[in-house]
Amino acid sequence: MKLLSKSYAVLCILLAVWLGAQFVQHTPIQTQLTALLPQHNTSDPVWLAADQAQEKQLNQQIIVLVGADNPDKAFESAAQVAQRWQQSGLFAAVDSQIEPDVAALRQSLTSLGAATLPAEQVHQLYENPQQYFTERAEAAANPFSGSLLSLEDDWLGFSRFVLQKQSSSQLLWHNEHAMLYTERDGKTWVWLRARLPNTTPNIALLNLLHKSKTQAQAEHYQILATGGALFAAHAKQNAERESSLMSAVGLSLTFALLLAVFRSWRVLAVGLPLAVGVLVGLVATVAVFGEIHTLTLVVGTSLVGVLVDFPLHWLAPSLFRQPENAWHGAESMRRVLPSFVISLAITVLGYALLWFTPLPVLRQTAVFSAAALLGAVAATVCFLPPLFARYQAKTWQISWANLSNHNVVRQWRLLAAILAIFLCIGASKSQWQDDIRQWANLPPDLLADAQHIAQISGMGASKTILLRADSADKLLKLNQQVEQKLHQHGFTQTQSLHQWLLPSDEQMALKNQLAKLARQPEQFAPLVDLGVPPETVQAALNQAASAPVVALADSLAAPQAEGFRDLYLGEISGQFASVLRVGGDDVAAVALPDGAMWLDKRAHLNQQFSETRFQAAWLKILSFALAWVMLWWRFGWRRGSLMLAVAVAAVLGTIGALGWLGVAVGLFAMFGLLLAAAIGVDYAVYTLTAPESKTARLAGITLAAATTSISFILLMFSTTPAVASFGLSVAIGVGLSWLGAVGLLCGQTDKP
């Protein structure tokens, strides 16, 4: 035994050295929420490309608005903010000024020509061309109309409409300051865009934003900022703070309870298996995944109470030994070791099955928890008996022998029946649903900024539609079809590729119409009346008619296409794809034609969560079946069924309690049910098989339940709803498992 203990100690030291080396080389702690999301179970490359494009746009840029009552103050302050943010070193670039290449703009205006004409002007050229040329003549005669191309370079005036195409009608360009701005609610809001070098959450972003807002308040202007990176940084900060705080508080309360019960500082040695368990769990998770997520660590801290269950089962009988029957650590370990092995096997089996779920956080937690339990039990067996070789417990003169009393047994059964009926009614009220929004606590200040920016932009909350077709032309026509359908339902706030470019066949038809108009001088008479020679207009019309068709990909390379470029996903696996954005409430109720689908990431994830929850439930049923086989093989079908009944009753009772509390049974609550079931089996096995007195067994499960409950009750106060529901479900499950185990003790014959 000594050789085994020394070997295990050397192994723990080597594991600690290896883990330390991993932290020296790189920090293996993952903080991005996207790393927790289910692995995509779709083989659709177009959907994946659209999702990745959205994620990149969301997480790799921060939109900043600087507002003031005085326009000059707004532009001046925006320039200062841009400079400070660029100097912070956190960003790849901070875009503040837009200084276009005039030569490139003129060249692109000439090449685009009639291909980007808006629908209204195209309709005029077909149905009322004289009206079009009347408006063109008025614009040409207006010295303040402004155009990059001179009248001689753009007789037909097509360039006017290219310059008017913007991604948002609320966005204006100030030529003196070369900045984009919006006038809203009596303030001038200047737009900045900070681009991040990667998508790794950085808490320094929150510090920079806080300092910028403090300075803005002192200098009487306002800053708004939004971006996925800010929410990710807050989630990282929150997870790290909660993990540290809950670990510290959980350990403090656990050891305070143990000191109060055992009245000996030596009891702190039970923290050694806990430390070894956490070490082994970390090593296993980093070795398997290459990293460990902060949310896994938060959930992992809840194992503090579970990891000390085995040492407490072993140590609790020392409190109730009579002087003539002195407690010996090594002997007691041999007596309870069979119960340890069975409980450990069933618990680890339950975690091992979670490996087959598609959710990374469940797989990480399964590896961490199973490895931590194995490591803690091994440390309990190897290290604790030598450390308690001369331990003299301060015994408690307490006896619960009256648990065998017939009246007590009858009262207990009556109480169990009433509680069962109450929880069954609650189970009928249970709600089974998941929502990705429960995975993170959205800070009110960042959320308010995002909503304010949406109002200023004029788009509000928007949804995305994914479109695909066999060719770029068909894709443009599909954009047009979807946009028209949305407009018919009253949703006019749209951004689509159709607003930018005409399909090839429409370009050709328009060119034929221009060639036809060249032979009808009466149609362009308003320009002739302005003094333009008719042959000049005819030459311009013929030149536009003979111009080559503009391809979609080529048109998006133009500087003026900045607001539309990110809508086009390109050619993917033989299909041409784009996205269309639409603002409005209940817009998802609009039925879409073939080739178009809503790109609703939240709904997609929630569906995956539901499928994962359903899969985890079936895996747990499988683990119950395997556990019953193990218990039947080891203890017989009757005792094995009783042990498993405690776990099953705890799970069903927890569902009923959550139903009464109005807490939805989501994925994390389901995970809590799985852990509660494992704890229930552990308590039941110890209660029915440990060769200790009834008083000692009751003390063992009571101490174990108390220390475990401390950890999970703390999780109930987490600001992340998913983590809080996990803590609540396990805390309830532990309490019901304890009640069930006490019920098993009732009526049993006491052991010496």
Side-chain angles (χ1 to χ4, degrees), residues 1-20 251 254-255 258-259 262 264-288 300 303-319 321 326-349 351-352 367-393 634 678-679 682 685-686 689-692 696 700-701 703-704 707-708:
M1 193 66 174
K2 290 183 178 179
L3 178 61
L4 180 62
S5 300
K6 291 180 180 179
S7 300
Y8 189 56
V10 172
L11 176 62
C12 291
I13 293 173
L14 292 177
L15 292 178
V17 171
W18 181 85
L19 185 63
L251 285 172
T254 298
F255 286 122
L258 296 180
L259 285 172
F262 289 93
S264 170
W265 288 102
R266 188 172 296 195
V267 75
L268 297 181
V270 300
L272 182 59
L274 170 62
V276 172
V278 172
L279 170 65
V280 175
L282 282 171
V283 169
T285 307
V286 174
V288 173
L303 284 175
V304 169
V306 178
L307 294 180
V308 298
D309 280 359
F310 294 105
L312 289 178
H313 289 335
W314 165 71
L315 192 59
S318 68
L319 296 172
R321 284 291 182 182
W327 181 84
H328 298 285
E331 178 186 349
S332 179
M333 184 63 70
R334 284 191 296 270
R335 288 161 60 91
V336 299
L337 190 56
S339 299
F340 277 12
V341 173
I342 294 296
S343 298
L344 179 66
I346 293 174
T347 304
V348 171
L349 174 64
Y351 281 119
V367 171
F368 179 88
S369 303
L373 284 169
L374 291 170
V377 170
T380 300
V381 175
C382 293
F383 299 150
L384 291 190
L387 292 175
F388 284 81
R390 299 180 180 179
Y391 173 63
Q392 296 295 325
R634 181 67 178 83
I679 293 172
D682 174 35
V685 170
Y686 178 77
T689 64
E692 306 292 349
I701 60 172
L703 281 174
T707 54
T708 302

For the atom pair CG (Leu703) and OG1 (Thr254), what is the distance rounded to the nearest 0.5 Å? 11.0 Å

How close do Leu279 and Ala16 get, counting heavy atoms only, and between which atoms? CD1-CA, 3.8 Å

Quick check: closest heavy atoms across Ala269 and Phe388, and the distance to 0.1 Å? CB-CE1, 3.8 Å

Any donor-acceptor pair under 3.5 Å from Ser5 side chain to Cys382 backbone: yes

The side-chain contact (heavy atoms from CB on, under 4.5 Å) partners of Leu337 (sequence neighbours excluded) come to Phe340, Val341, Val381

What distance separates Leu4 CG from Phe383 CZ, expressed to the nearest 0.5 Å? 9.0 Å

Rounded distance [0.5 Å steps], CG in Leu274 versus CG in Leu268: 11.5 Å

Would you compute the distance between atom CG of Leu14 and atom CG of Leu19 and round it to the nearest 0.5 angstrom? 12.5 Å

Side chains of Leu374 and Leu344, heavy atoms from C-beta outward: is any pair under 4.5 Å? yes

Nearest heavy-atom approach of Ala284 to Ala371 is CB-CB, 3.5 Å

Might you point out which heavy atoms bring Leu259 and Ser264 nearest each other, and give the distance in Å? CD2-O, 3.4 Å

Looking at side-chain heavy atoms only, is the closest gap between Val270 and Trp314 below 4.5 Å? no

Rounded distance [0.5 Å steps], CG in Leu272 versus SG in Cys12: 8.0 Å

Indicate yes or no: at least one non-hydrogen side-chain atom of Thr689 is less than 4.5 angstrom from one of Pro338. no

Measure the OG1-CG distance between Thr380 and Leu312 for me, rounded to the nearest 0.5 Å. 9.5 Å

Using a 3.5 Å distance criterion without hydrogens, assess whether the side chain of Tyr8 forms a donor-acceptor pair with backbone atoms of Gly375. yes

